[in-house]
Structures are given as C-alpha cells and as structure tokens.
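To find a chain, count down the sequence lines: A is the first, B the second, and so on, and within it residues start at 1.
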Protein chains: 2
Amino acid sequence: MNINLKSKYDARVKIIKAMAHSTRLFIVDELSKGERCVCELQEMIGDDFSTVSKHLTILKNAGLVLSNKRGNQVFYKIDATCACKIICCADNIIKNKLKSETKIAGLKTSIR
Amino acid sequence: MNINLKSKYDARVKIIKAMAHSTRLFIVDELSKGERCVCELQEMIGDDFSTVSKHLTILKNAGLVLSNKRGNQVFYKIDATCACKIICCADNIIKNKLKSETKIAGLKTSIR
DNA sequence: ATATTATATGGTAATTTTGCCAAATTGTCA
DNA sequence: TGACAATTTGGCAAAATTACCATATAATAT
C-alpha cells in the first residue's frame with residue numbers, strides 16, 4: 001500500500017482503536033449523557049483509578065473527549081459527537097447480524 | 001460494571017475491533033466500491049495471502065462482509081453498509097480535530 | 001507548612017494481536 | 001488422475017495492548 005494511503009488509514013485507525021475497548025465505549029456512552037469527573041467514572045467502572053485515567057487519556061488523544069480541571073477534580077465530556085454515531089453504527093450491525101441469523105435459522109427449519 | 005452491560009459493550013467492541021486495523025479499513029473502503037476477490041485485495045495490500053485472508057475472516061466474523069466462492073476464487077463484498085459510515089465518522093472526527101488545532105494555533109499567534 | 005484528596009505517569013507482567021511460513025483444502029484443467 | 005491455482009488454517013515469534021502497583025503531581029484544607 002502506498003505511503004500516503006497508509007497514513008490516511010492510520011489516522012482513521014487511531015480514532016477507531018480509541019473506541020475498541022469495552023471500558024472506553026462505556027465512557028463514551030456515559031459522557032454522551034453529560035460531563036463526568038474521573039471519580040464518577042471510576043466508581044461505575046470499578047477498575048483501578050490509574051486504568052480509568054489511562055483510558056481517558058487514550059480517548060482524549062484521539063480527539064474524542066475533552067477534559068476540564070475544576071478544583072482538584074477533572075471533568076471529561078464528549079468532544080466528537082461522531083463518537084456516539086460510531087456506537088450507533090455498531091448497534092445497527094449487531095441488529096442486522098441477528099436478523100440474518102434468525103432468517104437462516106428459519107430457512108433451515110422450513111427445509112425439514 | 002455489571003455483567004449484562006459488559007456483554008452489550010463486548011458485542012459492540014467486536015465490531016469496532018474488526019475495523020481497528022489499517023489493512024481492514026482499506027479492505028472495507030475498497031469493498032465499498034464493489035465486490036473484490038482475495039487475489040485483487042492481496043495485490044493492492046501487498047501482504048502475504050494468508051495475512052489478507054485472516055483479515056477477511058475477522059471482517060466476516062464481525063458481520064461486516066460476505067464471501068462468495070465462484071470457481072476457485074472467493075469474492076468478498078460489504079454486508080454492513082454501516083461499516084462505511086463508521087469510516088465516515090472517523091473522517092469527521094479527524095477533520096474537527098484539525099480545525100480545533102488550527103484555531104488554537106491562531107489564538108497563540110494573535111496573543112503575540 | 002503539612003496532610004489529604006483527585007488524578008496522572010512510570011514500570012512491568014500477562015494477554016492479545018499481528019504477520020509470516022508451511023501445510024491443508026478446494027476447484028479447474030489437461 | 002495428477003498438476004496447478006486460489007484460498008484457508010495451524011503454528012509460532014514479534015509487537016502491541018492492558019491492568020495493576022507504586023510513585024508523582026496538583027489543588028485544597030488544616
């Protein structure tokens with residue numbers, strides 16, 4: 001693959017990889033409801049603080065979320081609304097897959 | 001995180017992970033233009049046949065593409081059009097990020 | 001100043017992903 | 001049938017990701 005094309009795909013991959021983890025998807029989902037501080041997210045997720053913090057850094061570096069420090073708390077919010085659309089697309093794909101699987105199951109039944 | 005919620009996110013992650021690789025993004029992009037056989041994709045990508053084949057298997061298992069054997073060639077095509085939308089979303093995020101970065105650069109210049 | 005709270009960073013072991021080679025499979029054609 | 005072409009699968013080493021602990025940093029309160 002040529003070098004320019006490769007870097008175009010690498011830029012896209014960076015975004016998509018940032019979302020390719022259940023914790024980070026959860027965070028995006030949660031932030032789509034509104035701003036949350038790290039401690040709120042950590043409590044919901046249950047992982048170590050440092051783990052949650054690193055997930056947030058990945059999302060931030062990818063340009064998906066923004067952080068804002070107030071006092072000694074850091075609040076995160078969605079920067080790219082398209083991140084939510086990506087989740088929506090994933091849900092559509094899951095729905096379609098289930099539909100086509102039941103269709104196949106139905107065909108198999110009707111063959112008997 | 002509770003177990004049901006976790007599995008909901010895992011299903012989404014499976015889809016997104018399937019797209020989280022530059023070669024696989026390229027394949028989705030290419031297939032969005034039309035059906036392609038493995039050898040065509042392999043030639044464009046340049047990786048080993050087995051590598052390309054494994055990428056295709058990942059996309060197929062995620063429900064993003066379909067395969068169809070004709071003669072001794074296997075043709076792949078897009079199953080989930082939403083896969084293309086995800087790429088589109090990634091592009092939007094990249095565009096916004098560039099925009100906000102130049103805005104910040106502009107502010108810094110105007111401070112001088 | 002010092003203790004405390006909230007978050008980020010460095011280091012590291014465990015796990016997952018990747019990509020190549022070799023071998024197996026499937027279909028075509030002589 | 002046997003040779004060949006296209007694709008997939010198994011095995012494995014290298015690279016990347018993940019999650020924890022310990023430590024560092026920053027803001028607040030005493």
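Nearest to the side chain of Arg24(A), among dA8(C), dT18(D), dG10(D), sits dT18(D). Counting only heavy atoms from C-beta on, Ser53(B) has its side chain closest to dT9(D) among dC21(C), dT9(D), dT9(C). Comparing dA8(C), dA6(D), dG10(D) by their closest approach to the side chain of Gln73(B) singles out dA6(D).
One can place CG of Asp48(A) at 20 Å from P of dT17(D), the figure rounded to the nearest angstrom. Atom P of nucleotide dA27(D) and atom CZ of Phe75(A) are separated by 15 Å, given to the nearest angstrom. Taking atom CG on Asp10(B) and atom P on dT18(D), their separation rounds to 13 Å, with Å as the unit. Whole-Å rounding puts the His55(B) NE2 to dC20(C) P distance at 9 Å. Taking atom CZ on Phe49(A) and atom P on dT23(D), their separation rounds to 19 Å, with Å as the unit. In this structure, CD1 of Ile16(B) is placed 17 Å from C1' of dT17(C), rounded to the nearest angstrom. Straight-line distance from the CG atom of Leu56(A) to the P atom of dT9(C): 11 Å, rounded to whole Å. Between Leu41(A) atom CG and dA19(D) atom C1' the separation is 17 Å, expressed in whole Å.
The phosphate of dG19(C) has neither OP1 nor OP2 within less than 4.0 Å of any side-chain N or O from Lys54(B). For Arg70(A), no side-chain nitrogen or oxygen approaches OP1 or OP2 of dA6(C) to under 4.0 Å. Between His21(A) and dA19(D) there is a side-chain polar atom (N or O) within less than 4.0 angstrom of OP1 or OP2. Contact annotation: Lys69(A) side-chain N/O to dT7(C) OP1/OP2 distance is not under 4.0 Å. Remark: Thr51(A) is in phosphate contact with dC20(D), judged by side-chain N or O atoms under 4.0 Å from OP1 or OP2. Taking 4.0 angstrom as the limit, Tyr76(A) places a side-chain polar atom (N or O) nearer than this to OP1 or OP2 of dA8(C).
Within the 4.5 Å cutoff, the side chain of Met19(A) has heavy atoms near those of the Leu25(A) side chain.
Toward the 5′ end of DNA chain C lies the nearest nucleotide of Asn72(A), the other residue of the pair Lys17(A) and Asn72(A) mapping further downstream.
Within 6.0 Å of NZ on Lys97(B) lie more than 12 heavy atoms contributed by other residues, nucleotides or ligands. Atom CD of Glu40(A) has more than 12 neighbouring heavy atoms from other residues, nucleotides or ligands inside a 6.0 Å radius.
Here the options are Leu41(A), Val74(A), Leu64(A), Asn61(A), the test is side-chain contact (heavy atoms from CB on, under 4.5 Å), and the partner is Leu56(A); only Leu41(A) passes.
Aromatic ring pairs are classed by plane angle as parallel below 30°, tilted from 30° to 60° and perpendicular above 60°; the pair His55(A) and His21(A) is tilted.
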